[in-house]
Amino acid sequence: MNWQGQQFGLHHCDAGFGAVLGVNQRNNGMNAEILIVAAGRGTRAGGGTPKQYRDLCGAPVLQHTVRACLAHADISAVRVVIHSDDVALYDSAVSSISDTRLKAPVLGGASRSASVRNGLAACAGTHVLIHDGARPLLRRDDIDALLQRIESHPGVVLAVPVVDALWQSDGTKANAPQARDGLWRAQTPQGFRLKDIRAAHAATDTPMADDVETARAFGIDVEIVQGSDTNIKITRPEDFALAAKLMGQDMDVRTGNGFDVHKFGPGDHVCLNGINIPFDRGLVGHSDADVAMHTLTDAIFGALCEGDIGQWFPPSEPEWKGAASDIFLRKAIERVKARGFTITHLDCTIICEMPKIGPHTKAMRQRLCEITGVDIDRISVKATTTEQLGFAGRGEGIAALGTATLVKS
Ligand code: MG
């Protein structure tokens, strides 16, 4: 086989899932943002770099936290409060995230409360979930439980019941057992109506343990929502190893493949990955016959185990006649998002003798980036011939292979 040969340019794409799909509001008009507080110095976790920027399974802790928050489709915006010394660290930590729901960072203040106040001032939703930057293992299901409860409660907090025996101690001896009945360990997110928690923070300068204490001091009732033991806060050096272990156990990595063929017919161009390439023939098909985009769409449906393009868009239905294939790909992306997955890689191989594909791969990758919201440096398009063998070699049509890698953590 011959490589048709092409050079790739890497370009960042600003189109994100939010921009593609647009809908981040629940039916009742609630508009919930997540405010991530990450302005601390994290000295207890060791290492020279603040803990939220240290590596965890190949990415900074804070990047995992931001991605976990963006994984819920009903979150309309995510903002991070950072220390003024950490601007470059933050930019680097989130540079691979192209979701437009991630808003510009807010600079923190001299205390955690001051940082939260600065962050709340930038928020714009009806509700806000305040979350620790050092809790990267937040589960989508737990965000969902908070969003459901906050519809009918002024305050909500994720917490887990204390199950260990408790002892009063000077650090050497177990001196006196303590009752654990009714004790819960508070986690984050802690969620409130934005106007309520703003008022609560404006009413006090007293240092508080967390936003639940600030809210309660202002008279806001806070309801416990049972969370997950895995939602740990990275605090001590050994917590990195624990978080890495939990992350590995929880990760669902899937690969799907797709294959498609369309034959040549009358026409003056072929459409491949959304790019029209002038040619002396066209491709025959019920839709726009974009054989390349069909394979990527099928690869995504395959990874989700949700059938194939023909089941979602039956050729027997006239409404798909001549349809632009980005409709199909957008449906697959919508399903990825609804199932809580992230696409980490797309790879497409186009198989034909003619037309030449190489000069168009950069435009194809850009178009796929715009449709899917996947970073362009995670999208590959390449081409090959079949050495003039078989139907592709005889110039009877174009085949394509697609592979999609999806991750849910
Ligand atoms: Mg097809």
Side-chain angles (χ1 to χ4, degrees), residues 1 4 20 254-336 343 345-358 360-361 363-372 374 379-386 389-406:
M1 293 196 187
Q4 288 200 331
V20 171
R254 296 169 173 219
T255 303
N257 66 54
F259 175 71
D260 197 17
V261 174
H262 282 257
K263 67 181 177 185
F264 286 126
D268 60 4
H269 71 278
V270 296
C271 184
L272 295 171
N273 284 323
I275 303 299
N276 287 333
I277 301 173
F279 194 51
D280 59 6
R281 284 163 287 171
L283 287 172
V284 180
H286 189 66
S287 65
D288 63 4
D290 188 335
V291 61
M293 198 175 284
H294 292 177
T295 66
L296 289 173
T297 306
D298 264 351
I300 294 167
F301 284 136
L304 294 172
C305 300
E306 291 199 12
D308 59 35
I309 203 168
Q311 289 170 256
W312 282 91
F313 300 94
S316 54
E317 290 180 8
E319 72 178 294
W320 311 123
K321 186 162 176 56
S325 292
D326 68 301
I327 295 171
F328 312 147
L329 184 55
R330 286 180 202 278
K331 170 56 78 175
I333 296 296
E334 185 186 314
R335 293 303 308 150
V336 169
I343 295 177
H345 187 236
L346 293 171
D347 186 19
C348 178
T349 301
I350 299 167
I351 303 165
C352 62
E353 300 289 331
M354 289 292 284
K356 277 283 184 200
I357 304 300
H360 305 285
T361 56
M364 290 183 197
R365 293 170 68 221
Q366 183 67 40
R367 182 69 186 127
L368 291 170
C369 168
E370 288 164 8
I371 296 167
T372 62
V374 175
I379 299 173
S380 159
V381 177
K382 56 199 192 300
T384 186
T385 72
T386 57
L389 298 173
F391 68 84
R394 292 189 297 272
E396 295 168 5
I398 297 181
L401 296 164
T403 307
T405 306
L406 277 58

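In this chain, numbering begins with 1 at the start of the sequence shown. All values below were derived from every heavy atom in this structure, side-chain atoms included, with hydrogens, water molecules and symmetry-related copies excluded. Counting starts at 1 for both ligands and their atoms, following the listed order. Because the structure is predicted, anything quoted here is derived from the model rather than measured.
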Checklist entry - Considering residues at least two apart in sequence or located in another chain, which fulfil the salt bridge (Lys or Arg N to Asp or Glu O under 4.0 Å) criterion with Glu306? => result Arg335, Arg339

Next on the checklist: Does either side chain, that of Thr295 or that of Asp260, offer a donor lying less than 3.5 Å from an acceptor on the other one?
Outcome noted: no

Checklist entry - How would you list, by chain and number, every residue that makes a side chain to side chain contact (heavy atoms under 4.5 Å, CB included) with His345, sequence neighbours excluded? => result Asp347, Ser380, Thr405

Item to check | Listed partners of Ala399 passing side chain to side chain contact (heavy atoms under 4.5 Å, CB included), at least two apart | outcome: Phe259, Val261, Ile351, Phe391

Item to check | Whether His286 side chain and Ser316 backbone form a donor-acceptor pair below 3.5 Å | outcome: no

Checklist entry - Using a distance threshold of 2.8 Å, what protein N/O/S atoms lie below it relative to the Mg ion (ligand 1)? => result Asp260 OD2, His262 NE2, His294 ND1

Checklist outcome for this item: Distance col, row Arg394:CZ vs Thr386:OG1, nearest 0.5 angstrom, shows 9.0 Å

